[in-house]
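Excluded from the calculations below are hydrogen atoms, water molecules and symmetry mates; all remaining heavy atoms, backbone and side chain alike, are included. In this chain, residues are counted from 1 in sequence order.
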Amino acid sequence: MKVLLINGSPKKEGCTYTALKEVADELERNGVETEIFHIGTAPVKGCMGCGYCAKTGNHQCVYNDDTLNEAILKAKDADGFVFGSPVHYAAASGAITSFLDRLFYAGYPMAHKPGAAVVSCRRGGATAALDQLNKYFTIAQMPVVSSNYWNMVHGNTPEEVCQDKEGLQTMRILGRNMAWMLKCIEAGKNNGVAVPEAEAKVKTNYIR
């Protein structure tokens with residue numbers, strides 16, 4: 001089993017990375033392979049809904065000048081996901097927002113793979129950013145993994161985050177719960193429990 005952790009901060013090893021690393025370490029302790037993927041500092045274009053990704057057969061985006069297509073290929077081998085972001089104006093970073101818009105629009109099957117979001121902030125806005133990120137999971141049929149508190153850490157530097165003992169505990173419990181859910185899903189598969197039957201999407205328009 002493998003979990004792909006996406007670092008949506010421009011800082012490769014900043015506060016968001018510190019939170020993700022705590023989750024990753026706990027996953028590794030529970031026998032789950034991890035990879036922390038940094039989306040980088042290059043500009044991330046927003047999705048323009050062109051539909052190119054649906055025509056390629058491998059869900060690749062028409063934009064090939066950032067790290068999204070690499071992440072899509074890695075997602076194929078992942079059994080679970082953790083998306084991490086700093087809090088910018090009580091929201092997830094613009095970079096990870098554009099990144100996830102395109103990742104989910106690209107149509108790679110994310111359904112039934114557990115997902116979790118973590119955020120780092122100096123002081124406030126964390127729950128609003130978490131609400132934004134969790135919506136990607138709940139529109140894609142992904143089980144949402146929780147902890148014993150909202151998945152956030154506080155601090156202005158990695159050193160300060162390391163002083164947030166409750167935040168770090170929240171990350172460890174999140175990693176433990178993710179590992180447990182993955183093992184439960186694997187056990188179900190091994191005992192003949194199939195994923196829920198899919199239905200064709202019904203779209204209702206309100207303008208007649």
Side-chain angles (χ1 to χ4, degrees), residues 2-28 32-42 44 66-68 70-72 74-75 78-104 110 113-138 140 142-162 164 166-179 181-182:
K2 181 176 181 178
V3 171
L4 182 64
L5 301 94
I6 305 289
N7 180 2
S9 170
K11 298 178 180 177
K12 187 173 183 179
E13 296 187 357
C15 297
T16 302
Y17 170 84
T18 303
L20 291 173
K21 185 68 165 57
E22 194 76 9
V23 179
D25 287 348
E26 190 64 30
L27 284 164
E28 295 278 354
V32 178
E33 182 184 351
T34 64
E35 179 181 356
I36 299 178
F37 182 87
H38 184 222
I39 68 174
T41 56
V44 180
D66 55 34
T67 56
L68 177 74
E70 181 184 356
I72 288 173
K74 290 180 179 292
D79 302 292
F81 299 89
V82 182
F83 301 136
S85 175
V87 174
H88 292 170
Y89 296 98
S93 73
I96 199 170
T97 299
S98 295
F99 190 92
L100 294 181
D101 281 354
R102 287 165 55 205
L103 174 65
F104 279 80
M110 306 286 279
K113 292 186 175 186
V118 304
V119 298
S120 64
C121 67
R122 184 190 66 83
R123 185 172 177 86
T127 54
L130 281 173
D131 287 344
Q132 175 189 342
L133 292 172
N134 283 332
K135 287 181 173 65
Y136 289 98
F137 309 132
T138 55
M142 298 174 67
V144 180
V145 184
S146 61
S147 185
N148 67 336
Y149 196 76
W150 296 293
N151 302 335
M152 63 182 75
V153 296
H154 289 80
N156 206 38
T157 65
E159 292 75 22
E160 290 180 0
V161 169
C162 289
D164 180 10
E166 183 175 0
L168 294 181
Q169 182 188 59
T170 301
M171 297 301 111
R172 289 194 300 274
I173 293 173
L174 175 63
R176 206 171 304 146
N177 288 346
M178 172 72 82
M181 186 176 289
L182 287 170

side-chain contact (heavy atoms from CB on, under 4.5 Å), that's the test. Do Asn151 and Val119 meet it? Break it down for me. CA-CA 7 Å; Asn151 302 335; Val119 298; over 6 Å; no

Tell me, with the steps shown, if Val23 and Leu27 meet side-chain contact (heavy atoms from CB on, under 4.5 Å). CA-CA 6 Å; Val23 179; Leu27 284 164; 4.1 Å; yes

Between Val118 and Met152, does a side-chain contact (heavy atoms from CB on, under 4.5 Å) hold up when you go through it step by step? CA-CA 6 Å; Val118 304; Met152 63 182 75; over 6 Å; no

For the pair Cys121 and His154, evaluate side-chain contact (heavy atoms from CB on, under 4.5 Å) and give the outcome as yes or no after the intermediate values. CA-CA 5 Å; Cys121 67; His154 289 80; 3.4 Å; yes

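For the atom pair Leu182 CG and Asp79 CG, the distance stands at 6.0 Å (nearest 0.5 Å). With values rounded to the nearest 0.5 angstrom, Phe37 atom CZ is found 4.0 Å from Thr67 atom OG1. Put simply, OG on Ser146 and CE on Met178 are 10.5 Å apart, with the number rounded to the nearest 0.5 Å. Here the CG atom belonging to Leu168 is positioned 12.5 Å from the CG atom belonging to Leu174, to the nearest 0.5 angstrom. Distance check: Ser98 OG to Leu103 CG gives 12.5 Å after rounding to the nearest 0.5 Å. Within the model, atoms CZ of Arg102 and CG of Leu68 stand 4.5 Å from one another, a figure rounded to the nearest 0.5 Å.
Across all non-hydrogen atoms, the minimal contact from Glu26 to Gly175 is CG-C, 4.1 Å. The shortest heavy-atom contact between Phe99 and Val44 is N-CG1, 3.7 Å. Of all non-hydrogen atoms in Ile39 and Ala95, the two that sit nearest each other are CD1-CB, 3.8 Å. Residues Ala179 and Val32 approach most closely at CB-CG2, 3.9 Å, considering heavy atoms. Scanning all heavy atoms of the two residues, the minimum distance from Ala92 to Leu133 falls at CB-CD2, 3.9 Å. Pairing each heavy atom of Ala78 with each of Lys113, the nearest pair is O-NZ, 2.7 Å.
At least one side-chain heavy atom of Met142 sits under 4.5 Å from a side-chain heavy atom of Phe81. Counting heavy atoms from C-beta on, the side chains of Pro143 and Met181 come closer than 4.5 Å. A 4.5 Å side-chain heavy-atom check between Val3 and Val82 finds at least one atom pair inside the cut-off.
Defined by atom type and a distance below 3.5 Å, a donor-acceptor pair is missing between the side-chain atoms of Gln132 and Ser85.
Using a distance-only test at 3.5 Å, with no hydrogens or angles considered, no donor-acceptor pair links the side chain of Glu28 to the main chain of Ala24. Here the side chain of Asn156 pairs no donor or acceptor atom with the backbone of Arg122 at under 3.5 angstrom. When atom types are taken as modelled, the side chain of Asn177 and the backbone of Val145 share no donor-acceptor pair closer than 3.5 angstrom.
The stretch residues 14-24 participates, sequence neighbours left out, in these salt bridge (Lys or Arg N to Asp or Glu O under 4.0 Å) pairs: Lys21-Asp25, Glu22-Arg172.
The aromatic ring centres of Phe137 and Phe83 sit less than 6.0 Å apart.
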Which atom pairs, one a donor and one an acceptor, fall under 3.5 Å between side chains of residues 5-17 and the rest of the protein, sequence neighbours left out?
{"unit_1": "Asn7", "atom_1": "OD1", "unit_2": "Ser9", "atom_2": "N", "d": "3.0"}
{"unit_1": "Asn7", "atom_1": "ND2", "unit_2": "Lys12", "atom_2": "O", "d": "3.1"}
{"unit_1": "Ser9", "atom_1": "OG", "unit_2": "Lys11", "atom_2": "N", "d": "3.0"}
{"unit_1": "Thr16", "atom_1": "OG1", "unit_2": "Ser120", "atom_2": "OG", "d": "2.9"}

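With Trp150 as reference, Leu130 is the one residue of Leu130, Asp131, Thr170 to meet the side-chain contact (heavy atoms from CB on, under 4.5 Å) rule.
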